[in-house]
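Quick caveat: nothing in here was measured; it's all calculated off a predicted structure. Note on naming: letters A, B, ... go to the chains in the order of the sequence lines (proteins, then strands), and numbering restarts at 1 for each one.
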Amino acid sequence: MYGRIRTWGPGALVLLPTVLLLGYFVYGLIAWSFNTSLTDRHTARKGPADYVGFENYANLFGEERFLNSLKNLGVLTVAFIVGTLIFGLLWALLLEKGVPGESIFRSVFLFPMAVSMIASGVVWSWLLNPSQGDDARGLNRLFSILHLNFLENPWWTAGSRWTTMASIALPAVWQLSGYIMALFLAGFRGIPGELREAARVDGASEFKLYRHVLFPQLSPIALSALIILGHMSLKLFDLIYAITGPNQFRTEVPAVYMWNTLLRSDQAKAAAIAIVLLAVVAVLVIPYVAYTVRQEAEE
Amino acid sequence: MRGGLSKTFAVLGAAGLLAVSACGNSDDGGGSGDTATKDVTVFTWWADGGEKAGLDGLVSVFKTDCKDYNFVNSAVAGGAGANAKQVLANDLQAGKPPSTFQAHAGAELKDYINAGQVDDVSGLYKDFGLDKAFPQNLIDQLTVDGKIYSIPANVHRANVVWTNPDVLKKASIDATKAPATVDAWIADLTKLKNAGVKAPLAVSKGFAQEMLVEAVLLGELGTDTFNGLWDGKTDWAGANVTAALNKYKTLLSFTNVDRESIDWSDALGYVNKGQAGYTLMGDWVAAQQLADKVPDSKYTYWPSPGSAGTFQFLADSFTLPTNGQNPEGTKCWLKTVGSAEGQKAFNTKKGSIPARSDANAADYPKYQQTAMADWKKDKIAGSCAHGSACSAGQNNDILSALSQFSGAQDVAKLQTAFGTAMKTS
């Protein structure tokens, strides 16, 4: 008996604080939020609240503002992931081919990630000024100085949902592409040199080498990148808040809407939005976690 | 490479922890006055500039009038209380209210009233003689279900148009005369546009657009019908509202394309620089023009078209929180806030006018003198954008609808959104 405790006891003791803290501050509070979302606690007034079942959720999904925020989120996530993967992979490829001063470029591309989103959001809100022509400012001004006037556009302030949310995704792509580059670069470096040599000896062209030998080896990294970017995008709040401010219908996503709702003390509705957001993230993350656990078990 | 990455993560993680601990600290801002009951914790978002100077003026009067108590400044910086309101909500939720906190007077207090977080102070109005000192129609606007929940420190006017006479000259428009109606204004704007001013009306994001639509509604519907929009006596679905909103739509076509991405001070800058002829903004512009040293000859101002004789007001006020620390000290603070001396010390520095009608105009700069004269004789209208006419939640819905309208101009949709917003709490 004593021997058994000696085997698992120390491990359990080390884990205990984490389990308790996570259990309370993450899972306990998720349960609390879910509980709140089922009540009619629509003011900050204390005291007991009545349970109304899933009424808050039903109301949310019947509301133009919430559905708009979900659609915005979908478009934002696609634009953000595609943009970041393209630039990240492109830069990784360029650096992987070997450039003089590689470490400088690596740092330059990675640095934007160290800037807080609220700070970069403030700067990007100036860069994305929609004025054009003689009044142009920010990026539009740059385009007009470079005689690339056809590139001038109103950014997020006009046009379709796609152009609006792609403009919002632009700063996020700028910030995270370097991170994806680092991931892919590490992936390239992890592939043994023998594989390349073998492919070249067999007469594979450079394109075929990448297409059939190197890229397949990167797919686990691509999947991780996809999940990391996906869940970051779903939770994006600070960047949007800094660029467009609160209450901007065109760019509102559920996280911003939740903040707005909480600010007006509608706790039940805010909790319902939070739970919907959690569910959306879970749809993305849980299969990934299950997949990695199974992979590790197989190894 | 690996080392570099994990270092980046470590730095990011540390930054995150710092941010979290900073949030934790701010919770103490509320009121830990269990031991020092002499302390009066005053929560505001007046942290710098003229606002801070005004608060300091108020404090100096408080120190002479209420020698028994200590003033404790609990200001949280951030324009229009954007950060402060979050901190305050936390403190109130945690049952640790400050001794008193700043809030816009009027309907915006509804959220706190519904949550049982502020007490009725109508008794204090009688004790301090404020029911005589404040104009009766102001008291009517502040009264919610027969009770008053705050004491206003100042009054600002919202329905003011600021012009650049040099720009208006291009189309031979007299800058000193207000157009009599919104239609006449639109005619002037058309003249300016034809004279080569691309965006004659400068507008900025969020509440500035809300102020413009309110000014149009006020000018078109008249004061009583306009006030009825907010207390439920006027139907939002009416044809008169549709007509006014269509005029707002026309006005937007004369505005700058970057209206969703600039602040009111930028819009004022467009007017001062001569890019635009007009901007509509509250009378804190007067203090801004003084601070920026724009000479009197370079700008004129008048009540928004059709609203002459009406003073659309907003007021900063102080409350008596339920179960607050040191209610006796708080009452002394509220007495200072409402007193003639306190209002003078505060308003001469902040650039607003006193809520009391017995103030001496000679103590104030030029713009304030005219505003004080109007305050005494004009009819009073509320403002949703600044909390005197609707709750924070209603305002939130209206702002969202207006930002949607700014991008895709559907009048019917906007009108429905207004009606729906005012039906919620």
Can you tell which part of [X] gets under 4.5 Å to a heavy atom of chain B, answering side chain, backbone, both or neither?
| X | value |
| --- | --- |
| A/Arg189 | neither |
| A/Glu102 | neither |
| A/Trp155 | neither |

[Y] side chain reached by [X] side chain, heavy atoms, under 4.5 Å:
| X | Y | value |
| --- | --- | --- |
| B/Ser261 | A/Ser125 | no |
| B/Asp397 | A/Arg264 | yes |
| B/Glu260 | A/Thr244 | no |

> B/Lys110 versus chain A, heavy atoms under 4.5 Å apart: side chain, backbone, both or neither?
Replying inline: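 Interface part for B/Lys110: neither.
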
>> Quick check on B/Leu88 against chain A: is it the side chain, the backbone, both or neither that has a heavy atom closer than 4.5 Å?
In response: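 B/Leu88 has no heavy atom closer than 4.5 Å to chain A.
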
> Roughly how far, to the nearest 0.5 Å, is CZ of A/Arg137 from CD1 of B/Ile262?
Replying inline: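 Separation between the atoms: 7.0 Å.
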
> Once you round to the nearest 0.5 Å, how far does CG of A/Asp266 lie from OG1 of B/Thr424?
Replying inline: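 Nearest 0.5 Å value for the CG-OG1 distance: 9.5 Å.
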
Take atom [atom1] in [X]; do more than 12 heavy atoms of anything else shown fall under 6.0 Å from it?
| X | atom1 | result |
| --- | --- | --- |
| B/Lys198 | NZ | yes |
| A/Phe237 | CZ | yes |
| B/Asn323 | CG | no |

> What is the minimum heavy-atom distance between A/Ser131 and B/Val257, and which atoms define it?
Replying inline: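 So the minimum-distance heavy-atom pair works out to CA-CG2, 4.0 Å.
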
>> Show, in sequence, the C-alpha distance, side-chain angles and deciding distance for A/Asn247 and B/Glu210, and conclude whether the side-chain contact (heavy atoms from CB on, under 4.5 Å) test is met.
In response: CA-CA 12 Å; A/Asn247 294 314; B/Glu210 192 178 1; over 6 Å; no

> Does anything in residues 398-410 of chain B get under 4.5 Å of chain A by heavy atoms, and if so which residues?
Replying inline: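 Residues B/Leu399, B/Ser400, B/Ser403, B/Gln404, B/Gly407 are the ones that qualify, each having a heavy atom under 4.5 Å from chain A.
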
